[in-house]
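Everything below concerns the one structure shown next.
FYI, side chains are in, hydrogens and waters are out, and symmetry mates aren't considered; it's all heavy atoms of this structure. Throughout, a chain's letter reflects where its sequence line sits, starting with A, and its residues are numbered from 1.
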2 protein chains.
Amino acid sequence: MDDQADLLDLDCFLPYRLAVIAARVSKAMSVLYAEKFGISIAEWRVIAHLAGSGRVSIRDIHARVNLDKVKVSRAVSRLEEAGLVLKASNAADNRLLDITLSDEGWSVYRQIVPLASGFEADLLSALDDTERAALERVFEKLHARLDENVEAARSLYPKV
Amino acid sequence: MDDQADLLDLDCFLPYRLAVIAARVSKAMSVLYAEKFGISIAEWRVIAHLAGSGRVSIRDIHARVNLDKVKVSRAVSRLEEAGLVLKASNAADNRLLDITLSDEGWSVYRQIVPLASGFEADLLSALDDTERAALERVFEKLHARLDENVEAARSLYPKV
DNA sequence: TCATGATCATTACAAATGAAATGAATGTCA
DNA sequence: TGACATTCATTTCATTTGTAATGATCATGA
């Protein structure tokens with residue numbers, strides 16, 4: 001009876017549950033475009049971001065899309081080879097790239113959007129309004145709490 | 001104004017949001033044990049499962065812990081090298097392994113549990129009761145919906 | 001102006017990953 | 001019993017991944 005207190009049930013453990021549901025959703029989602037368009041999850045994120053952001057650099061994408069900088073660089077290169085993305089050097093700063101969707105990139109994007117939206121709508125339709133609203137707040141609050149932890153760590157190891 | 005309808009805001013897209021929060025939480029969590037005990041996320045999952053399940057095979061762990069079978073096999077091998085896990089062959093079926101935590105494995109587990117529980121409690125304390133309850137239902141309902149999709153796919157491509 | 005440091009994208013390299021193949025053990029059924 | 005298929009764990013191999021350089025460009029300040 002005191003032994004139980006020292007045990008941790010993985011099935012009820014929040015980090016594990018989040019990882020499992022996120023992996024399942026990502027996997028199910030990627031089935032919609034992976035085979036049909038030959039696009040990875042990282043590449044889809046890049047495309048989706050480009051569609052909403054005009055011409056941006058690798059660094060911009062990296063900062064906005066929660067992907068490693070190297071991963072973005074490679075995803076953009078593959079997309080360029082596939083003809084979905086155009087690279088140009090930034091006139092004002094030659095270190096930067098101006099990355100945009102090509103016509104074909106837009107075309108692919110427009111084909112994926114209804115699939116993605118439909119998939120999401122299907123998931124969300126399983127929830128009622130209060131659950132959707134609560135989930136919204138959960139995202140915000142968890143991020144806020146994680147931000148606090150980052151801040152706390154920063155104050156422990158300042159200015160490295 | 002009709003253009004907007006075809007756009008998809010990644011920041012509001014459920015699969016993306018789940019992936020981001022799960023990755024952040026997993027990362028923050030793994031910091032607690034990765035460096036200190038030299039254990040990966042997969043290895044932590046194996047240990048946590050062994051602590052609650054007595055002697056089990058690779059296949060059992062694979063089925064219960066949402067990890068690739070090969071990944072489990074490798075995680076168990078590394079844990080055995082590190083002395084945290086014991087491998088024995090199953091008396092009734094020589095294809096199976098009986099995998100258990102060693103004394104040191106238990107020791108490591110007991111050290112990690114309070115860290116993990118504390119981390120989780122810290123996250124959950126950011127939420128109120130209704131949000132925690134809603135999150136619980138969200139997990140259930142999303143899994144149920146994804147199960148339905150699997151069933152639907154199975155009926156499209158039967159008995160392959 | 002020009003030396004030093006910062007920033008950006010890419011490359012190099014080692015480690016991790018996953019799909020398919022392998023080998024050993026068991027189940028099945030004529 | 002014995003051929004054949006299945007199951008389990010591991011290995012193989014090609015690909016992906018992330019960390020740490022690299023090279024190129026820009027910013028800063030003496």
Short side-chain N/O contact to dA24(C) OP1/OP2 from Asn94(B), under 4.0 Å
no
Looking only at side-chain N and O atoms, does Arg95(B) come under 4.0 Å of OP1 or OP2 in dT7(D)?
no
Of the nucleotides dT26(C), dT10(C), dA9(D), which has the atom closest to the Ser57(B) side chain?
dA9(D)
Figure out the [atom1]/[atom2] separation between [X] and [N], and round it to whole Å.
X: Asp93(B); N: dA24(C); atom1: CG; atom2: C1'; value: 11 Å
X: Lys87(B); N: dC8(D); atom1: NZ; atom2: P; value: 16 Å
X: Ile58(A); N: dT25(D); atom1: CD1; atom2: P; value: 17 Å
X: Leu97(A); N: dA24(D); atom1: CG; atom2: P; value: 15 Å
X: Glu43(A); N: dT17(D); atom1: CD; atom2: C1'; value: 14 Å
X: His62(B); N: dG18(C); atom1: NE2; atom2: P; value: 12 Å
X: Leu96(B); N: dA24(C); atom1: CG; atom2: C1'; value: 12 Å
X: Ile41(A); N: dG18(C); atom1: CD1; atom2: C1'; value: 14 Å

Judged by modelled atom types alone, do Ser125(A) and Arg145(B) share a side-chain donor-acceptor pair under 3.5 Å?
yes
From Glu43(A) atom CD to Arg78(A) atom CZ, the distance as rounded to the nearest 0.5 Å
4.5 Å
Does Tyr109(B) have any ring-ring contact (aromatic ring centres under 6.0 Å, His included) partners at least two apart in sequence or in another chain, and if so, which?
Trp106(B)
Do any of residues 65-83 of chain B sit with a heavy atom less than 4.0 Å from DNA chain D, and if so which?
Lys69(B), Val70(B), Ser73(B), Arg74(B)
Pick base, sugar-phosphate or nothing for Ser40(B), based on heavy-atom distances below 4.0 Å to the nucleic acid.
nothing
Run the side-chain contact (heavy atoms from CB on, under 4.5 Å) check on Thr130(A) and Thr130(B) step by step: do they pass?
CA-CA 9 Å; Thr130(A) 66; Thr130(B) 66; over 6 Å; no
Got a salt bridge between Arg17(B) and Asp11(B), using NZ or NE/NH1/NH2 to carboxylate O under 4.0 Å?
no
So does Asp68(A) pair up with Arg74(A), basic N to acidic O under 4.0 Å?
no
Atom NZ of Lys36(A) with >12 non-hydrogen neighbours under 6.0 angstrom
no
